[in-house]
Amino acid sequence: MTAPKPTPLSGFPELLPAERFVELQVIDQLRATFELHGFAPVETRAVEPLSQLLRKGEIDKEVYLLRRLQADDEAVASSADGPERLANTLGLHFDLTVPFARYVLENAGKLEFPFRRYQIQKVWRGERPQEGRYREFTQADIDVVAKDVLAFHHDVEVARVMAEALSALPLPALRLQVNNRKLIEGFYRGVGAGDVPAVMRVIDKIDKLPAEVIATMLADEAGLTPQQTGACLALADIRSADSSFVDRVGALGISDPLLDEGLSELAEVIDGCAAVDTDRFTVEADLSIARGLDYYTGTVFETRMAGFESLGSICSGGRYDSLASDGRTSYPGVGISLGVTRLLTPLFARKKLTASRSVPSAVLVALPDEQSRRRCGDIAQSLRSRGIATEVSPLPQKYGKQIRFAERRGIPFVWFPASSDADSSGADVSRADGGTPHEVKDIRSGEQVVADPSTWEPPLEDLRPQVVQPGL
RNA sequence: GUGGGUGUAGCUCAGCUGGUAGAGCGCCGCGUUGUGGUCGCGGAUGUCGCGGGUUCGAGUCCCGUCACUCACCCCA
């Protein structure tokens, strides 16, 4: 009976240690920035009742269901008395916004509003995987939620905080594209479009399809006249790094109260983000951004990464005024969600990002013979007591092999213990009695020096694995 | 969910109209008897994804199946 060889599960990425180190480092940096802005940490359970996950009976979402092995078949979601049981079935959450909305309602009495939180967790979606698109992946969200009314300046705030967080990461250049649902809805309504959502769905594909195809679709699927189509395409064509888009929209000659409201909101976000604009992180108004999710009511965000445009947006979000409500009180929010896995996995795959070594150890203590293991353990412990990650060689092989062992893991230093007397029990590990002294070798340069385990320190940059960006 | 592509050594892949499973890299050993990397020499490793069919004979042809992958859909 041969053991079946394990095969990778598509869409459930697993990282090697060096990459996982980078991912953890990224998460730590995100945390630090979020907390610096006063966002509180929250973790929600991995599961929600299906009724919570599927708003308004939409079944198109590919949700993973959770079920006990011993549950009787009656409880299976697909059983006869369907809808009710189905609603109580547990599903793995597919984002962090919907569970957070539920969390806010559940804890409304204990939270202070406006409530600002960050949440970095795995989410699951049953869709077919491909690069940048996974079935299990990590998102990092920040949201601000208020009771009844959420001041607009929070729209600007979440954009700025995420911009700051992203700017601190070792990534290619990023472009945050901002639009406003009120602006485009108002515009489409002002144009006279009957089916506004249909127009948004088509416009959302504008960067993937040629303009003629979009025009045809606007006519066929949204029932627009050629003139209306022209106006909608003209709007989608507008983008600017400052608030000059306002005048360009004005020049199209459409008027609608909602459009005006959207224009001024978007201008406020763009102006407010001017300060975070750098050569590696740019913010712009892009009136073609629509977003598929229907709960957005105002500001919407998408983010593209230079050289990785095919991934789509790596960080998106927006304003949702009515996602959470208990019937009496509503909790409007605004948030933005970073796809940590979508961001990092393609960079790993293309060798654009990795760690300087695959283990935390800065030092490998060479083992002369098995009798010296205790003595070498003491040396390692002395180094560790001063924060230097150290491991002892697993085997007393020839030193050449032990050096190679370190080299393959990227461990920069090999420690050669001082030679010991026959009586090693009481030996002072810091001194060589008549033999060779302790020495430590930088295996990259080959430089080897006499050293004392109680005082020697590696250069600061060698203390921990470093994030490195070959070719960036 | 819809439509393509690909499955051969740890990795990247070659393998012609069917005829004894290969290369490079990596790995292990020795040269170099306790200080790696270069170089030289030697060595190990495969249910050819799985199941069936055709055939004297299948990695190769046919059918099925699974997995991976790409595009669509959708989205982080």
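Both backbone and side-chain heavy atoms feed into the values below; hydrogens, waters and symmetry mates do not. This structure is a prediction, so every number in the text was calculated from the model and none was measured. Order of the sequence lines fixes the chain letters, A, B, ..., with proteins taken first and strands second; residue numbering starts at 1 for each chain.
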Asks: Under 4.0 Å, heavy atoms only, any strand: does A/K205 hit a base, just the sugar-phosphate, or nothing?
Replies: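 Result for A/K205 = sugar-phosphate.
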
Asks: In whole Å, measure the gap between the C1' atoms of B/rG64 and B/rA71 for me.
Replies: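 Looking at atom C1' only, B/rG64 and B/rA71 are 25 Å apart.
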
Asks: Looking at B/rC72, which nucleotide sits across from it as a Watson-Crick or G-U wobble partner, both distances under 3.5 angstrom, or is there none?
Replies: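 Matched B/rC72 with B/rG1 under the 3.5 Å cut-off.
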
Asks: Tell me whether the NZ or CZ atom of A/R116 lies within the 45° cone about the ring axis of A/F39 and under 6.0 Å from its centre.
Replies: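 Yes; both conditions hold, so A/R116 lies above the ring face of A/F39.
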
Asks: State which residue, out of A/T303, A/T282, A/D286, fulfils the side-chain hydrogen bond (donor to acceptor under 3.5 Å, both in side chains) condition with A/Q177.
Replies: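 The side-chain hydrogen bond (donor to acceptor under 3.5 Å, both in side chains) with A/Q177 is passed solely by A/D286 among A/T303, A/T282, A/D286.
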
Asks: Could you tell me how far B/rC62 sits from B/rG3 if I compare only their C1' atoms? Round to whole Å.
Replies: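 Taking atom C1' in both B/rG3 and B/rC62, they lie 23 Å apart.
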
Asks: Give the nucleotide from the list B/rU69, B/rA76, B/rU35 with an atom nearest to the side chain of A/I403.
Replies: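 It is B/rU35.
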
Asks: Can you tell me how far C1' in B/rU38 sits from the matching atom in B/rU32, rounded to whole Å?
Replies: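 My reading of the C1' atoms in B/rU38 and B/rU32 gives 13 Å.
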
Asks: Report the distance from atom CD of A/Q402 to atom P of B/rG37, rounded to the nearest whole Å.
Replies: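 To the nearest whole Å, that distance equals 15 Å.
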
Asks: What does A/K401 touch in the nucleic acid at a heavy-atom separation under 4.0 angstrom: a base, only the sugar-phosphate, or nothing?
Replies: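 It contacts sugar-phosphate atoms only.
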
Asks: Between the side chains of A/Q466 and A/R464, is a donor N or O closer than 3.5 angstrom to an acceptor N or O?
Replies: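 There is no such pair between these side chains.
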
Asks: With RNA chain B as reference, determine whether A/P368 or A/G317 sits nearer its 5' end, using the nearest nucleotide of each.
Replies: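 It is A/P368 whose nearest nucleotide is closer to the 5' end.
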
Asks: For the pair made of CG in A/D204 and P in B/rA76, what is the distance, rounded to whole Å?
Replies: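 About 10 Å, once rounded to whole Å.
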
Asks: Any donor-acceptor pair under 3.5 Å joining the side chain of A/R342 to the base of B/rC75?
Replies: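 Check passes, donor-acceptor contact within cut-off.
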
Asks: Whom does B/rC16 pair with, Watson-Crick or G-U wobble, provided both distances fall under 3.5 Å?
Replies: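 Pairing partner: none.
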
Asks: Is the phosphate of B/rC28 approached by A/R408 (side-chain N or O, under 4.0 Å from OP1 or OP2)?
Replies: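 True: A/R408 side-chain N/O within range (under 4.0 Å) of B/rC28 OP1/OP2.
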
Asks: In whole angstrom, what separates A/Q130's CD from B/rA76's C1'?
Replies: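 Taking atom C1' of B/rA76 as the reference, CD of A/Q130 is at 13 Å.
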
Asks: Report the distance from atom CZ of A/R135 to atom C1' of B/rC68, rounded to the nearest whole Å.
Replies: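 From A/R135 CZ to B/rC68 C1': 12 Å.
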
Asks: B/rA76 P sits how many Å from A/D143 CG, rounded?
Replies: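 Going from CG in A/D143 over to P in B/rA76 covers 12 Å.
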
Asks: With the stacking rule set at 5.5 Å and 30°, tell me whether A/F137 counts as stacking on B/rA76.
Replies: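 Stacking between A/F137 and B/rA76: present.
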
Asks: State the pairing partner of B/rU6; accept Watson-Crick or G-U wobble contacts with both distances under 3.5 Å, and report none otherwise.
Replies: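 Paired with B/rA67.
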
Asks: Describe the nucleic acid contact of A/Y134 in one word from base, sugar-phosphate, nothing, applying a heavy-atom distance below 4.0 Å.
Replies: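 Base contact.
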
Asks: Quick check for you: among B/rC74, B/rA76, B/rU35, whose closest atom lies nearest to any side-chain atom of A/E439?
Replies: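 Output: B/rU35.
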
Asks: Is any side-chain N or O of A/K398 closer than 4.0 Å to OP1 or OP2 of B/rU33?
Replies: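 Answer yes for this pair, as a side-chain N or O of A/K398 is under 4.0 Å from OP1 or OP2.
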
Asks: Does A/S10 place a side-chain N or O at less than 4.0 Å from the phosphate oxygens OP1/OP2 of B/rU69?
Replies: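 Indeed, a polar side-chain atom of A/S10 lies that close.
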
Asks: Judged by each residue's nearest nucleotide on RNA chain B, which is more toward the 5′ side, A/I314 or A/F416?
Replies: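 Closer to the 5' end of RNA chain B: A/F416.
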
Asks: Please give the distance between the P atoms of B/rG22 and B/rG29 as a whole number of Å.
Replies: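 25 Å, rounded to whole Å.
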
Asks: If you look at every strand shown and take non-hydrogen atoms under 4.0 Å, does A/G312 touch a base, only sugar-phosphate, or nothing?
Replies: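 Since no nucleic acid heavy atom lies under 4.0 Å of A/G312, the category is nothing.
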
Asks: Distance only, no hydrogens: is a donor on one side chain within 3.5 Å (strictly under) of an acceptor on the other, for A/S361 and A/E391?
Replies: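 There is such a pair between these side chains.
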
Asks: Determine the Euclidean distance between corresponding C1' atoms of B/rC48 and B/rC41; express it in Å to zero decimal places.
Replies: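 Roughly 31 Å separates the two C1' atoms.
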
Asks: Quantified in whole Å, what is the P atom distance between nucleotide B/rU2 and nucleotide B/rA58?
Replies: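 Here B/rU2 and B/rA58 have their P atoms 35 Å from each other.
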
Asks: Can we say A/E185 and A/K182 salt-bridge, meaning some charged N sits less than 4.0 Å from an Asp/Glu carboxylate O?
Replies: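 Between A/K182 and A/E185 there is no salt bridge, as every charged N stays at least 4.0 Å from the carboxylate O atoms.
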
Asks: Will you find, in the side chains of A/D141 and A/Q119, an N or O donor that is under 3.5 Å from an N or O acceptor?
Replies: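 The answer is no; no qualifying pair exists.
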
Asks: Taking the basic N atoms (NZ, or NE/NH1/NH2) and the acidic carboxylate oxygens, is any pair closer than 4.0 Å for A/K441 and A/E447?
Replies: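 Here A/K441 does not pair with A/E447 in a salt bridge, since their nearest N and O are not under 4.0 Å apart.
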
Asks: Paired with B/rC28: which nucleotide, if any, by Watson-Crick or G-U wobble criteria at under 3.5 Å for both distances?
Replies: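 Its partner is B/rG42.
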
Asks: In whole angstroms, how far is the C1' atom of B/rC28 from the CD atom of A/Q397?
Replies: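 It works out to 12 Å between those atoms.
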
Asks: Strictly by modelled atom types, are A/E19 and A/T354 linked by a side-chain donor-acceptor pair under 3.5 Å?
Replies: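 A/E19 vs A/T354: no donor-acceptor pair found between side chains.
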
Asks: Can you tell me how far P of B/rC66 sits from CZ of A/R128, to the nearest Å?
Replies: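 Nearest whole value for this atom pair: 12 Å.
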
Asks: Looking at the side chain of A/R125, which of B/rU69, B/rU33, B/rC75 is the nearest nucleotide?
Replies: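 Nearest to the side-chain atoms of A/R125, counting from C-beta on, is B/rC75.
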
Asks: Can you tell which of B/rG36, B/rA76, B/rC70 lies closest to the side chain of A/E131?
Replies: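 Taking heavy atoms from C-beta onward, the closest nucleotide is B/rC70.
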
Asks: Between B/rU35 atom C1' and A/E447 atom CD, what is the distance in whole Å?
Replies: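 A/E447 atom CD is separated from B/rU35 atom C1' by 15 Å.
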
Asks: Among B/rU2, B/rU35, B/rC74, which nucleotide has an atom closest to any side-chain atom of A/Q448?
Replies: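 Of the candidates, B/rU35 comes closest.
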
Asks: Given the C1' atoms of B/rG10 and B/rG1, what is the spacing between them in whole Å?
Replies: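 Pairwise C1' distance, B/rG10 against B/rG1, rounds to 36 Å.
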
Asks: Could you tell me how far B/rU47 sits from B/rA21 if I compare only their P atoms? Round to whole Å.
Replies: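 Rounded to whole Å, the distance is 15 Å.
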
Asks: Mind checking who B/rU54 pairs with, Watson-Crick or G-U wobble, both distances under 3.5 Å?
Replies: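 For B/rU54, the partner nucleotide comes out as none, under the 3.5 Å rule.
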
